[in-house]
Amino acid sequence: MTNEGPILHADLDAFYASVEQRDDASLRGRPVVVGGGVVLAASYEAKARGVRTAMGCAQALRLCPSAVVVPPRMSAYSAASKAVFAVFEDTTPLVEGLSIDEAFLDVGGLARIAGTPSRIAAGLRRAVAERVGLPITVGVARTKFLAKVASGVAKPDGLLVVPHDEELEFLHPLPVERLWGVGTVTAGKLRAKGIRTVGQVAERGEAELVALLGRAGGRHLFALAHNRDPRPVVAGRRRRSMGAQRALGRRPRSPTELDEIVAALADRLARRLRAAHRVCRTVVLRLRFADFSRATRSRTVSHPTAHTEDILATARALLAAAMPDIREHGITLIGLALSNLDDDTPLQLELPFDDQPPGALDAALDEVRDRYGSKAVTRAMLLGRDDGPTVPLLPD
């Protein structure tokens, strides 16, 4: 019986920036910022100077004047991601992608043919370096949660194995922010109660955490603090949500500009939804304000839909409700997500019946865009607008 794994969490290091450094030798060892008006990614040399994703490039250059700013090349990142996932799939058939640059792998059944999980992880890192030319960090542990924590601790370009009999010894000294679901607000609540480490979370009773964070949040953190995470690695899992966002920088935005951005996001997401043969029930608006605080607004519609106008109308209602907060705090990022997804199996028709089949306009626009490109037809309000780079994604 091995004292390792069986789960690997593999995560490419500063993915976009690493691809740029791979393809341009002059950038290696130098601080690199990928982006235009907003930082999409930063190399570890830039991160060491305080540069962070979603920061304005002007602020990034103030923090790191020697940084080299390069425009994003999404096709290069997509190709690199596909090459890395090919390595994952050559390692084990049990691969659960989380994003284009990270995945869980279950190697528990490979001991006789490939060795221990740590040996497999080392071989995976070597294969990614040789075949794709990128650094990748791997965490190895008994649970998905702990494997992801281990890879985070091991970054950059590292390998960390957490033996079964040393799990809590590794986990408990870590800060509470290492627990999934602990952001700025939750961490503030915990620290206000003198809870600074995962071990201190584990020492508190579940009832105390529930009283502090609510039923779901308290139970969730209590379980993770004891490394209780029964979720298996599931290959081919379909998305539970789809999202897109746009970083806006720090200049003020008018209601008309924000409406145009929301319309572009809704168009993009609705098309993805139909291409994946899915429907949604819930529309979520995500906001990041100028003080870097965040807010989320959501609304569930009365019937599952993939129609652009249904999604856009709901998104506009959410945006209108959020405008007082936006006027007060400013806005630096706006995002839209579709959740409560289901397959687009035939649905009961709604009264009254129209002469035009439901979704006929969407279908016609999708056909034109599929044939001539996504910019072949667009809304008049979006003519001449730059919607920013389209981020490569895992299949929907």
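Since this is a predicted model, take the numbers as computed values, not measurements.
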Would you tabulate the side-chain donor-acceptor contacts of residues 175-188 under 3.5 Å, counting partners in other chains and residues two or more places apart, or write 'none'?
{"unit_1": "Glu177", "atom_1": "OE1", "unit_2": "Arg191", "atom_2": "NH2", "d": "3.1"}
{"unit_1": "Glu177", "atom_1": "OE2", "unit_2": "Arg191", "atom_2": "NE", "d": "3.1"}
{"unit_1": "Glu177", "atom_1": "OE2", "unit_2": "Arg191", "atom_2": "NH2", "d": "3.4"}

Donor-acceptor list for residues 104-123 side chains, cut-off 3.5 Å, not counting sequence neighbours:
{"unit_1": "Asp106", "atom_1": "OD1", "unit_2": "Gly108", "atom_2": "N", "d": "2.9"}
{"unit_1": "Thr116", "atom_1": "OG1", "unit_2": "Ser118", "atom_2": "OG", "d": "3.1"}
{"unit_1": "Thr116", "atom_1": "OG1", "unit_2": "Arg119", "atom_2": "N", "d": "3.2"}
{"unit_1": "Ser118", "atom_1": "OG", "unit_2": "Glu4", "atom_2": "OE1", "d": "2.9"}
{"unit_1": "Ser118", "atom_1": "OG", "unit_2": "Glu4", "atom_2": "OE2", "d": "3.1"}

- Query: Is the shortest heavy-atom distance from the side chain of Tyr16 to the side chain of Asp101 under 4.5 Å?
  - Reply: no
- Could you check if a side-chain atom of Leu98 sits within less than 4.5 angstrom of a side-chain atom of Lys144, using non-hydrogen atoms only? no
- Query: Do the side chains of Ser43 and Gln21 get nearer than 4.5 Å, heavy atoms only?
  - Reply: yes
- For Tyr44, what residues pass the ring-ring contact (aromatic ring centres under 6.0 Å, His included) criterion, not counting sequence neighbours? none
- Query: Taking atom CZ of Phe170 and atom CG of Leu160, what is their separation to the nearest 0.5 Å?
  - Reply: 5.0 Å
- Is there any salt bridge (charged side-chain N to carboxylate O under 4.0 Å, His left out) pair reaching into residues 322-342, and which pairs are they, with sequence neighbours excluded? Arg297-Asp325
- Query: Hey, mind stepping through Ile136 and Val87 against side-chain contact (heavy atoms from CB on, under 4.5 Å) and telling me if it holds?
  - Reply: CA-CA 12 Å; Ile136 191 167; Val87 176; over 6 Å; no
- Message: Any heavy-atom pair between the side chains of Thr305 and Thr314 that's under 4.5 Å?
- Response: no
- Item | Path from Leu159 to Leu134 over hydrophobic side-chain contacts below 4.5 Å | yes
- Message: Determine whether a donor-acceptor pair (N or O, by modelled atom type, separation under 3.5 Å) exists between the side chain of Ser81 and the backbone of Tyr77.
- Response: no
- Those residues that, when tested against Glu309, pass side-chain hydrogen bond (donor to acceptor under 3.5 Å, both in side chains) (two or more places apart): Arg379
- Task: Kindly say whether Ile334 contributes a backbone atom to a donor-acceptor pair with the side chain of Arg286 at under 3.5 angstrom?
- Result: no
- Query: Of the non-hydrogen atoms in His172 and Ala202, which two are nearest, and what is the gap between them?
  - Reply: NE2-CB, 3.6 Å
- Item | Check against side-chain contact (heavy atoms from CB on, under 4.5 Å), Leu224 and Val201 | CA-CA 9 Å; Leu224 292 185; Val201 174; over 6 Å; no
- Any pair with a residue in residues 53-74 that passes side-chain hydrogen bond (donor to acceptor under 3.5 Å, both in side chains), sequence neighbours left out, goes on the list, sorted by first then second residue, please. Glu20-Arg73, Asp23-Arg73
- Arg281 CZ to Ser302 OG distance, which is reported to the nearest 0.5 Å: 7.5 Å
- Query: Are any of the side-chain nitrogens in Lys193 or Glu208 under 4.0 Å away from the carboxylate oxygens of its partner?
  - Reply: no
- Message: If hydrophobic clusters are built by linking Ile, Leu, Val, Met, Phe, Trp and Tyr wherever their side-chain heavy atoms come under 4.5 Å apart, do Phe145 and Leu190 end up in the same one?
- Response: yes
- Query: Hey, what do you get for CG (Asp310) to NE2 (His303), rounding to the nearest 0.5 Å?
  - Reply: 4.5 Å
- Item | Heavy-atom closest contact (Ala76 atom, Val19 atom, distance) | CB-CG1, 4.3 Å
- Item | Distance-minimising heavy-atom pair for Val262 and Ala315 | CG1-CB, 3.6 Å
- Message: Is it the case that the side chain of Glu257 and the backbone of Ser254 share a donor-acceptor pair, with hydrogens and angles ignored and the cut-off at 3.5 Å?
- Response: yes
- Message: So which atom in Ala147 and which in Leu8 form the shortest heavy-atom distance, rounded to 0.1 Å?
- Response: CB-C, 4.4 Å
- Is it true that Val95 and Val132 fall in one hydrophobic cluster, defined by side-chain heavy atoms closer than 4.5 Å? yes
- Query: Any side-chain heavy atom of Val283 sitting closer than 4.5 Å to one from Arg299?
  - Reply: no
- Verify, without hydrogens or angle tests, whether Ser18 (side chain) and Ala14 (backbone) share a donor-acceptor contact under 3.5 angstrom. yes
- Task: Mind jotting down which residue pairs meet the side-chain hydrogen bond (donor to acceptor under 3.5 Å, both in side chains) criterion with at least one end in residues 214-223? Sequence neighbours excluded, please.
- Result: Glu206-Arg219
- Query: Should Leu12 and Val128 count as side-chain neighbours, where that means a heavy-atom distance under 4.5 Å?
  - Reply: yes
- Query: How long is the span from the CD1 atom in Ile331 to the CE atom in Met323, to the nearest 0.5 Å?
  - Reply: 9.0 Å
- Considering residues at least two apart in sequence or located in another chain, which fulfil the side-chain hydrogen bond (donor to acceptor under 3.5 Å, both in side chains) criterion with Ser26? Asp24
- Message: Are Leu287 and Val38 linked, directly or through intermediate hydrophobic residues, by side-chain heavy-atom contacts shorter than 4.5 Å (ILVMFWY only)?
- Response: no
- Message: Just to verify, what does Phe222 make a ring-ring contact (aromatic ring centres under 6.0 Å, His included) with, not counting sequence neighbours?
- Response: His226
- Query: What do the steps show when you test Arg288 against Thr332 for side chain to side chain donor-acceptor pair (under 3.5 Å), and what is the final call?
  - Reply: CA-CA 6 Å; Arg288 187 185 66 214; Thr332 60; 2.8 Å; yes
- What is the minimum heavy-atom distance between Cys280 and Val301, and which atoms define it? O-CG2, 4.3 Å
- Rounded to the nearest 0.5 Å, what separation is found between the OG atom of Ser298 and the CG atom of Leu318? 7.0 Å
- Message: Any heavy-atom pair between the side chains of Leu336 and Leu285 that's under 4.5 Å?
- Response: yes
- Message: Keeping Arg22 on the side-chain end and Pro135 on the backbone end, is there a donor-acceptor pair under 3.5 Å?
- Response: no
- Query: Which pairs with one or both residues in residues 220-229 pass salt bridge (charged side-chain N to carboxylate O under 4.0 Å, His left out), sequence neighbours excluded?
  - Reply: Asp229-Arg231
- Message: If you define the side chain from C-beta out and look only at heavy atoms, does anything of Glu169 sit under 4.5 Å from Glu167?
- Response: no
- Message: Please report the interatomic distance NZ(Lys148) to CD1(Ile7), rounded to the nearest 0.5 Å.
- Response: 13.0 Å
- Donor-acceptor under 3.5 Å (Arg246 side chain, Leu265 main chain): no
- Mind jotting down which residue pairs meet the side-chain hydrogen bond (donor to acceptor under 3.5 Å, both in side chains) criterion with at least one end in residues 153-163? Sequence neighbours excluded, please. Asp13-Lys155, Arg125-Asp157
- Task: Take Leu273 and Leu338, measure what side-chain contact (heavy atoms from CB on, under 4.5 Å) needs, and give me the verdict at the end.
- Result: CA-CA 9 Å; Leu273 196 64; Leu338 309 178; 3.9 Å; yes
- Apart from Leu63 itself, what residues make up its hydrophobic cluster, given side-chain heavy atom links below 4.5 Å? Val33, Val39, Val51, Met55, Leu61, Val69
- Given side-chain contact (heavy atoms from CB on, under 4.5 Å), test Val32 with Glu45 step by step and report yes or no. CA-CA 7 Å; Val32 174; Glu45 296 87 352; 6.0 Å; no
- Is there a donor-acceptor contact under 3.5 Å from the side chain of Glu166 to the main chain of Pro163? no
- Message: Testing the basics here: between Phe289 and Gly330, what is the closest heavy-atom pair and its distance to 0.1 Å?
- Response: CD2-O, 3.1 Å
